[in-house]
Amino acid sequence: MSVEYGLTLTLLAFMLLAAWALARSDDLLAAVMLAGIISLASAAVFTVMDAVDVAFTEAAVGAGVATLLSVRALGVLGERRAAGRARVGLPFLVVLVCGGLLLYGTADLPAYGDPAAPAMQHVAPHYLARGGVETGVPNIVTAVLASYRGFDTFGELVVIFTAGLGVLTLLAGSGVSGARSEVDAGDRDIIVRQVVKWLVPFVLLFALYVQFHGDYGPGGGFQAGVIFAAGMVLYALTFGLPRLERVLPPSRLRLLAATGVWLYGGVGVACLLRGGAFLDYAVLAEDAVDGQHLGILLVELGVGLTVFSVMVLIYRAFTRQRHGGVE
Amino acid sequence: MSAAWLPVLPVVAPLLAAPLWLVVRRPQVAWWGSMAVGAVAFAAAAALLVTVLRNGPVDYAFGGWPPPIGIAYRIDLLGAFVLVLVSGVSWVVSWAGGRGVEREVDEPRRALFFSAYLLCLAGLSGMVLTGDLFNLFVFLEISSLSTYVLVAAGRDRRALPASFRYLIMGTVGATFVLIGIGLLYAGTGTLNMADLAARLPEAFDRRAVHTGIVFLIVGIAIKAALFPLHHWLPDAYARAPGVVSAFLAATATKVAIYVFIRVVFFVFGAQATLEALAVQHTLTALAAAAVVFGSWAALRQDDTKRLLAYSSVAQIGYIVLGLMLADVAGLQAGLTHLFNHALMKGALFLALVAVVYHGGGQRLSDLAGLGARMPLTAAVIVIGGLSLIGVPLTAGFVGKWLLVEAAAAKGAWWLIAVVVVGSVFALGYVGRMLEALYFRAPAAQGGAGIAEAPLGLLVPALVLAAANLYFGIDTRLSAGLAGRVAAALGGAG
Amino acid sequence: MNGVAHAWLIVALMMSGLYIVMASAHLFKKLIGLSVFQVSVFMLYISLGVVEGAAPPIVEPGVDAYSNPLPHVLILTAIVVGIATMALALALLVRIRRAYGTLDEAALAAKDEDA
Amino acid sequence: MSASFDPAWLWLAPAVPLAGALLTPLAARRPALRDAWALVSALGLFVCVAWLAGAWWRAGAPVLRSEGPEWWAGVVLAVHVEPLSMLFASVASLLWVVTTVYSIGYMRANREAHQGRYYFCFALALAATMLVAFAANLVTLFVAYELLTLATYPLVAHKGDERARQGARTYLAILLASSMGLFLPAIVWTHVLAGGTEFVSGGLLAGRLSPAVAAALLSMFVLGVGKAAVMPVHRWLPAAMVAPTPVSALLHAVAVVKAGVFTLCKIVFYIFGPAELAALGAQEAALLLAGFTVVAASLVALRQVEFKRLLAYSTVSQLGYVVMAALLLAPLSRLGAVLHIAAHAFGKITLFFAAGAVYTALHKTRVDELAGVGRRMPWTMAAFTVGALSMIGLPPTAGFVSKWFILAGAMDWQSVFVGTVLVLSTALNAGYFLPIVCRAFFREGDGRGFEEAPWPMVAAITATAALTVGVFAAAGPLIDLARMSVEVSP
């Protein structure tokens, strides 16, 4: 057994333990933290499995954004414990059947790491052998994401947009505008404020690096957007939401969120206008590879824009909610 | 505009228009704009159907990458047929949006409501057109997320838990689909449906493939609200704003069933899937249970929208019963009913929007005496209801005839018995509505005289009701096309 | 020996997630369970793309064995879908809690029966 | 003979009342215009049918067919004319004229509400009846049959009170459930077996059936065609008596119920083929059921005190005659069955008219209240007597002629069962009709004087009574027509 496989199994066993604790726990905050730990551990598993982009994203999103949002929401909800009586019978039966089926199904999967597995024989070799040449992007994940399966990524962008739209719709008109400690955090410690003041520019710089370095290493518009948003959230946490809103009014955020989608879709339409298929970047420049490069750059920018602005919008929407209480 | 745009337009046009209403937050503008986009999508779908009828299936490779390397659309007769239905009905329903949201959606949500509507339409259209399994998942999620928003957009607080329950069930379903896709990928190395179909026969003895197929089917069944996975549907339909109920009832479950047909008959191969995995027997039994249970539950409802929702559970059962006969006649019956049911439920739910608009609630007693006060709205309910029962000269009759004929040809007598029982129950629940409309005096002494709904609500409802009559007589576009599709599928399966 | 033991553990984790979704009476906890369920599906996918002794799929001179990039791409998308669903669900919970004062399933049902 | 009759003109027969119906709402606000329009529609239809009959007769071909549009693959809407259709269409259109006159009197005298809706539905029902009459295949017939159910439902529920709603609910539920549940599946089964549903001389299904399948299919038809009121699917008919009397008279004594037995005759004659059925011996069970219905319904009628309910059960019994006679399959009894469709129509409509007249003039609805009514309403009760005689089957009435042929058929084929049923039920018929006649004419009433119903009603009653006697007096043409219908379906 290879060391890597052993590590994977250990991490998985650890996650299972965490899940068991999660299932037993009534404390919602603990549940959120345990889920965050599972997510973080999965990021480690992804790294071991050579999926660096995924690991990066899972750490940023699963462990980061999801935990942040959950904690924020828990604060707003004013709920601490899940005291209700759990059902046991039907869930147990369903889990038994599904689990049994999955064990049956995975029993004759190709062994872990088998280079002869069917998934390794078809389609994937093309990406690995030709991806770098056809798109001029060495990070094959980026090449597949933005070009070969660029339409999926457009869809993914729309999903994020839909979520943002949904949160805005659902929480429309129910926010508070009055001064609250969370909303107006102007009384933070001076040291914290100074540190954050210095830190935020670096976070944003890092985000830009991730945005434009995605062609060559792990990263891309999605991760960059999340990190950029994290920088803004950090700023808002320290200096208060109103300060952030002065820099980035909500109307501008909404425009940016829409612009990201339009940029991505617009690149597709531009390809159509130049006689290619939707998202066929090759027609964007004289040279096909140059065109690919340009297209990938632009759509990644679109992704970054929308992800960033939707994340900040969602954070803002939750932060502005009154805490607890019933209508 | 060149023909190269046609496959892209039905999806991309609403996708690019949806963000507009996040920036321009004027409900009236959003409504008119959405209707215009809906018209474009419908026109493109109709043009696609014509193209497919003339020249055969249309292939479209995104990014210029040939499948299976890239993502491709493959639009055959079935896809074009369902796309025309979905974009057409959702367009007509959207006419009612302007007046429909007035009483049921708060002002700050109205413009965004139309964004979600467009996104949902785009998601559903994408599911219909795509030839790639993972792309299917992505568009499934677009349509699902926007649906949760639409359901919860109204004023009824009960819509909130309904939407949440739908979200949980829907996400579990989508994750099942994801697991299925993953296992199929593990077994074959491809995500493209046509490629998968070609590679499956040699991989069919893999357990991963069996499991993948089962998970995919269960995931889709949740989306299609097939009994006993229908729990999310009655509350979601009953509590959503009326326009949303009409939209969803007419399109969402239809698309899920379409995906089921596509996957089972085109990709897996009907023979292999249905027989080898005992899918046929299981689903037939469940569909029959859906017909009986759904109709019976509808009979017991006092809330008209819940009544119609349970009736939908039953109608989905009819459709699946037809499909599970797995021959040309059965498929034709299932597809015809799929088409017709969209028209019936669209008309009925829109009529209820008109009733609610006039301050009537959605209980049966709120229909009392409306036959005289709202004669046109009541007429829509009559036509839709008769179509639901399957009375001749309505669209519903055609589907029912074809289903019974397909069953009789196979000697499936018990199936005819199920249809009969369902029809008798339908007679009961439709009868209760009609009786309230015409032969019960209103509880409260409202003003006498005619107080019809505004034209904005009435016209789309009347159009759909007229469609129920039209397709009860001219069946070339419904049963005729369904027959051609079925013949093609029968050849493939 | 590399085998399918990882798959068993992943399935076990997946089922724990599903169990939490179905068994919890508290809506928030259901949501947490859902995220565990999804994370384990992600791991199942990624494990399909591992190649023993290969490098991450970033083309470099001198390397000729890479992991399969396709599952990575798919899961990147799926992660995004997951967080999108979660954000939406949390917004719904905020509204539900405000409208009903509880997030317990039984209590919610009881409140609508009075109404 | 000129053979220049285009059978496409047959579509005119349902089209005329349909146009009448569609134009009724325009006159809704002006009662005089509305009533005039109803009369014009009825006369129009009668002229139309008379013209069609003449043209058909001159064309000389007994069966003429016109295909409409194909509905969907393999299913076509089509009309045809054959002797039985022409007989049914003539009787219904003729009696519609009389009933319209009666309706105007009745509806006005009783100050009924929603008269616009009433005439609209009435005309629609006639349109459906005409399409039933001329339908060339089962699908077309089914369409019309269902339309007839739906068009008459608002008429039954007309009053809108709880009793009317309850009755209408039963009416709709039984008729739609039986037709959707048994009739439609039987039609589809026929379609699957024969690849079509056309009415064909000699039987569409001839040579395609085993005795078991034939028996099953025939049972499905007999019970599925609920309008023929074979027990146990007869309950809708008494329930329908909550309707205004003109509705009961034309629809539940003529159009609707006759559509039922007419449909069964068509099925026996043209779908199975009498010869084929006789060879298979598949009709026995259905025949027993029909015979049972005749006797049992009469027994029930004997115990009724409510006038219209008594008439309803009498109708159930009389419909049983037709079904039984058709199923006996003997040529003479089939001839009798066809005749009885017409004979019972004239007699029973007279009886209903009389009941309605008594209700309108005296507000009496029970038979035990009728003492002395014969003196106060001599015209009405004289007509009633004629109708009653026809029901019993005594000369000089139409009922005698048809019963004679049925009996002759039973003798011919030596059916002890049918003979016994006929004798028994004749006695029972006399048992519940004659006492009414006696009570009306020979018992003392409350001594008040002459008090007839409004003149349009009396005129209508007199007309139908005259027709009942007239059929007896000049039975020739009718018998010719019936004989033709037996000849084209050997």
Side-chain angles (χ1 to χ4, degrees), chain A residues 98 101-102 104-110 117-124 126-127 130 134 147-152 154-156 158-159 161-166 168-170 172-173 251 254-255 257-262 265-266 268-269 271-272 275-283 295 327, chain B residues 4-5 8 12 15-16 18-20 22-23 60-65 68-71 106-109 112-113 115-116 119 122-123 126 132 134-135 138-139 141-142 145-146 148-149 152-153 157 176 179 183 185-192 195 199 203 206-212 214-215:
Chain A
C98 290
L101 200 59
L102 278 172
Y104 163 87
T106 50
D108 72 346
L109 273 185
M120 248 42 102
Q121 304 304 313
H122 190 55
V123 182
H126 178 97
Y127 296 143
R130 307 277 311 145
E134 285 177 349
S147 185
Y148 291 109
R149 298 189 66 87
F151 192 56
D152 263 356
F154 184 40
E156 167 195 339
V158 173
V159 167
F161 177 81
T162 309
L165 179 101
L168 291 188
T169 310
L170 289 171
S251 61
R254 287 197 297 266
L255 182 61
T259 308
V261 177
W262 288 329
V269 173
C271 297
L272 273 177
F278 192 74
L279 297 176
D280 182 0
Y281 314 132
V283 299
E327 270 165 8
Chain B
W5 288 65
V8 183
V12 170
L15 276 189
L16 289 182
L20 268 174
L22 194 64
V23 181
Y60 190 88
F62 280 91
W65 304 112
I69 303 300
I71 294 170
D106 284 325
E107 213 284 326
R109 300 199 175 96
L112 298 178
F113 175 90
S115 285
L119 288 170
D132 186 280
F134 196 80
N135 195 240
V138 172
F139 278 88
E141 285 291 9
I142 294 177
L145 287 183
S146 43
Y148 310 143
V149 178
R157 74 167 186 177
F176 270 46
I179 295 172
L183 290 173
Y185 176 68
T188 60
T190 189
L191 294 168
N192 182 275
D195 194 30
R199 297 174 68 84
R206 283 178 202 273
R207 290 166 167 203
V209 169
H210 299 175
T211 312
V214 170
F215 268 82

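Because only heavy atoms are used, hydrogens play no part in the values below, and waters and symmetry mates are left out as well, while side chains stay in. Note on naming: letters A, B, ... go to the chains in the order of the sequence lines (proteins, then strands), and numbering restarts at 1 for each one.
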If you define the side chain from C-beta out and look only at heavy atoms, does anything of B/Val214 sit under 4.5 Å from A/Tyr104? no
Hey, is the main chain of A/Asp108 close enough, under 3.5 Å, to the side chain of B/Arg207 for a donor-acceptor pair? no
Report yes if some heavy atom in the side chain of A/Val269 is under 4.5 Å from a heavy atom in the side chain of B/Trp5; otherwise report no. yes
Compare all side-chain heavy atoms of B/Tyr185 with those of A/Pro118 and state whether any distance is below 4.5 angstrom. no
Region of A/Thr169 in contact with chain B, defined by heavy-atom distances below 4.5 Å: both
Working to the nearest 0.5 angstrom, can you tell me the gap between A/His126 NE2 and B/Trp65 CH2? 6.5 Å
Aromatic contact, A/Phe151 with B/Phe139 (centres under 6.0 Å): yes
So A/Val123 and B/Leu191, do their side chains get closer than 4.5 Å, heavy atoms only? no
For the pair A/Tyr127 (side chain) and B/Ile69 (backbone), establish whether a donor and an acceptor sit closer than 3.5 Å, ignoring hydrogens and angles. yes
Got A/Leu101 and B/His210 here, is their nearest side-chain heavy-atom distance under 4.5 Å? no
Below 30° counts as parallel, above 60° as perpendicular, anything between as tilted: where do the rings of A/Phe278 and B/Phe62 land? perpendicular
Interface moiety of B/Tyr148 toward chain A, non-hydrogen atoms closer than 4.5 Å: neither
So, taking the atom named CG in A/Asp152 and the one named CG in B/Asn135, what distance separates them when rounded to the nearest 0.5 Å? 4.5 Å
Do B/Pro19 and A/Val261 come within less than 4.5 Å of each other through their side chains, counting heavy atoms only? yes
Is the shortest side-chain heavy-atom distance between A/Thr162 and B/Glu141 below 4.5 Å? no
Whatever's closer than 4.5 Å to a heavy atom in chain B on A/Glu156 counts as backbone
Do A/Thr106 and B/Thr211 have side chains that get closer than 4.5 Å, going by heavy atoms? no
B/Arg109 (side chain) donor-acceptor with A/Leu170 (main chain) under 3.5 angstrom: yes
Sort A/Leu109 into side chain, backbone, both or neither according to what part of it lies under 4.5 angstrom from a heavy atom of chain B. side chain
